[in-house]
Amino acid sequence: MTAGFITLEGGEGVGKSTQLRRLANTLERHGRRCVVTREPGGSPGAEEIRALLVNGEPGRWDALTETLLLFAARADHVARTIKPALAQGEFVVCDRFADSTYAYQGVGRDMPRETIRRIESIVLGDFKPDLTFVLDLPAETGLARAHARSVAESRFERFGLEFHERLRQAFLDIARRAPERCVVIDAAMREEDVAAEIWRVVAERLQLQVSN
Ligand SMILES: Nc1ncnc2c1ncn2[C@@H]1O[C@H](COP(=O)(O)OP(=O)(O)O)[C@@H](O)[C@H]1O
Ligand SMILES: [Mg+2]
C-alpha cells in the first residue's frame, strides 16, 4: 500500500478524533501527504447535508430518509474529496464512514442491514476503505469520556447505556464480517499506546520500519 483510504470507527468517546490527528501527524512525519476528513460531511455539499442531520431531535427524519441523507452526503464526499485525494497519491484518513451507518441506523433506527447494503452498493459500488480501525471500548467508559469532553458532538450521546453497548456489539460484528479490512483496537489503553498500535498496523501495511 503506497497510499490509501483509512477510516476510524466506533462509538462515542472511543478516541476517533484523537487518533485521527495522531495518525495524520505520524503519516506526515513519514513523508506521506494526508487529507483528514470526517463524516457526515467532508466536502462543502456534504457539510450542508450534515447540518440537516445533526441539528434537531434524533427523530427529525424518518429512518429511510436519514439513511439516504447520509449516503447522499457520502456520495458527494467520496466524489469531491476522497477520490480526488487518492488519485493524487495522498492518504485519506476519515473519522467515520459507511460502517457507522450500519451501526447507528441499524441499532438506533432499525434499518435492516440488507437495505443499507443495497443503498451502499448503488452509491459506492465496490469502493470501500483500504483499512478500518474499530476502536473498542465498554460503552460506559466511552460515554464518560464523551461527557468529560465539554461539547456534546453527537445527538446520540443522550441515548442510554444499553443503546451504546448494542452499538459497540454492532461495530464488533462489522469487524468480524470483514476481517481483511477491519482491525479491532482496544481503545481502553493509554492514548499513546492506542496510537502506537494503530501505527504498527499501518506501518506493516506500508511495509515501513516501525519507528514511531
Ligand atoms: N486513550 C484514551 N484514554 C483516555 N482518554 C482519552 C483517550 N483517547 C481520547 N481520550 C479523551 O476522551 C475524549 C473523547 O475522545 P475523542 O477523540 O473526542 O473521541 P471520539 O472522537 O471517538 O468521540 C477526549 O476528551 C479525549 O481527550
Ligand atoms: Mg470525534
Side-chain angles (χ1 to χ4, degrees), residues 5-28 34-43 46-47 49-55 58 66 70 73-74 77 81-82 91-108 129 131-175 181-203 210 212:
F5 177 32
I6 302 174
T7 57
L8 269 72
E9 295 279 4
E12 318 297 321
V14 295
K16 297 179 298 299
S17 304
T18 305
Q19 294 301 328
L20 200 71
R21 281 191 298 274
R22 282 181 166 266
L23 176 58
N25 285 338
T26 310
L27 280 167
E28 278 168 1
C34 187
V35 170
V36 176
T37 186
R38 64 144 181 206
E39 288 214 341
S43 65
E47 290 289 333
I49 298 171
R50 177 191 177 94
L52 297 174
L53 286 160
V54 301
N55 298 325
E66 181 174 282
L70 284 161
R74 186 162 297 133
H77 184 207
T81 302
I82 299 174
F91 274 88
V92 176
V93 290
C94 188
D95 195 333
R96 298 194 179 285
F97 196 64
D99 295 323
S100 278
T101 307
Y102 283 93
Y104 279 82
Q105 276 60 45
V107 171
L131 182 59
T132 297
F133 291 101
V134 172
L135 302 187
D136 180 57
L137 198 60
E140 204 164 1
T141 318
L143 281 179
R145 282 189 195 171
H147 287 148
R149 179 183 61 198
S150 50
V151 277
E153 289 184 354
S154 158
R155 60 204 166 96
F156 291 101
E157 278 176 34
R158 288 177 248 155
F159 286 35
L161 201 58
E162 192 252 357
F163 168 82
H164 288 280
E165 200 51 56
R166 282 169 60 211
L167 201 56
R168 179 192 190 191
Q169 295 309 322
F171 278 115
L172 291 174
D173 184 53
I174 287 164
R181 173 173 66 85
C182 297
V183 177
V184 178
I185 302 280
D186 175 10
M189 297 185 291
R190 291 184 312 151
E191 197 182 305
E192 310 81 271
D193 295 338
V194 175
E197 185 60 19
I198 288 174
W199 180 245
R200 191 186 62 74
V201 174
V202 173
V210 183
N212 225 5

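Worth saying up front: this structure is predicted, and the values here are computed from it rather than measured. Index from 1, following the sequence. Note that ligands are numbered from 1 as they come in the structure, with each ligand's atoms numbered from 1 the same way.
The existence of a salt bridge linking R96 and E12 is confirmed by a sub-4.0 Å separation between a basic side-chain nitrogen and an acidic carboxylate oxygen. Under 4.0 Å is where a charged nitrogen must lie from a carboxylate oxygen, and between R168 and E140 no such pair does.
Taking a cut-off of under 4.0 Å to the non-hydrogen atoms of R190, the atoms of ligand 1 that pass are 1 (N). Per-residue contacts place G15 under 4.0 angstrom from the following atoms of ligand 1 (heavy atoms of the residue considered): 15 (O), 16 (P), 17 (O), 19 (O), 20 (P), 22 (O). Interface atoms of ligand 1 facing S17, defined by a heavy-atom separation under 4.0 Å, are 17 (O), 21 (O).
Here's the thing with V194: none of its N/O atoms is less than 3.5 angstrom from an N/O atom of ligand 1. At under 3.5 Å, a nitrogen or oxygen of G13, whether backbone or side chain, sits near a nitrogen or oxygen of ligand 1. At least one N or O atom of T18 sits closer than 3.5 Å to an N or O atom of ligand 1.
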Exercise. Quick one: do D173 and Y102 satisfy side-chain contact (heavy atoms from CB on, under 4.5 Å)? Show the steps, please.
Key: CA-CA 10 Å; D173 184 53; Y102 283 93; over 6 Å; no

Practice problem: Evaluate the criterion side-chain contact (heavy atoms from CB on, under 4.5 Å) for residue pair L27 and V93; output intermediate values, then yes/no. | Solution: CA-CA 10 Å; L27 280 167; V93 290; 4.1 Å; yes

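For the pairing with V92, the side chain to side chain contact (heavy atoms under 4.5 Å, CB included) check across V36, T7, T37 returns one residue only, T37.
No side-chain donor-acceptor contact under 3.5 Å links R181 to the backbone of T132.
With a 4.5 Å cut-off on side-chain heavy atoms, I6 and F91 count as touching.
When the heavy atoms of E192, R38, R145 are ranked by distance to atom 7 (C) of ligand 1, first place goes to R145. Comparing E191, E9, R149 against atom 25 (O) of ligand 1, the shortest heavy-atom distance belongs to R149.
The Mg ion (ligand 2) has no N, O or S atom of T18 under 2.8 Å away, backbone or side chain.
If you look at Q19 next to ligand 1, there are no close heavy atoms at all, none under 4.0 Å.
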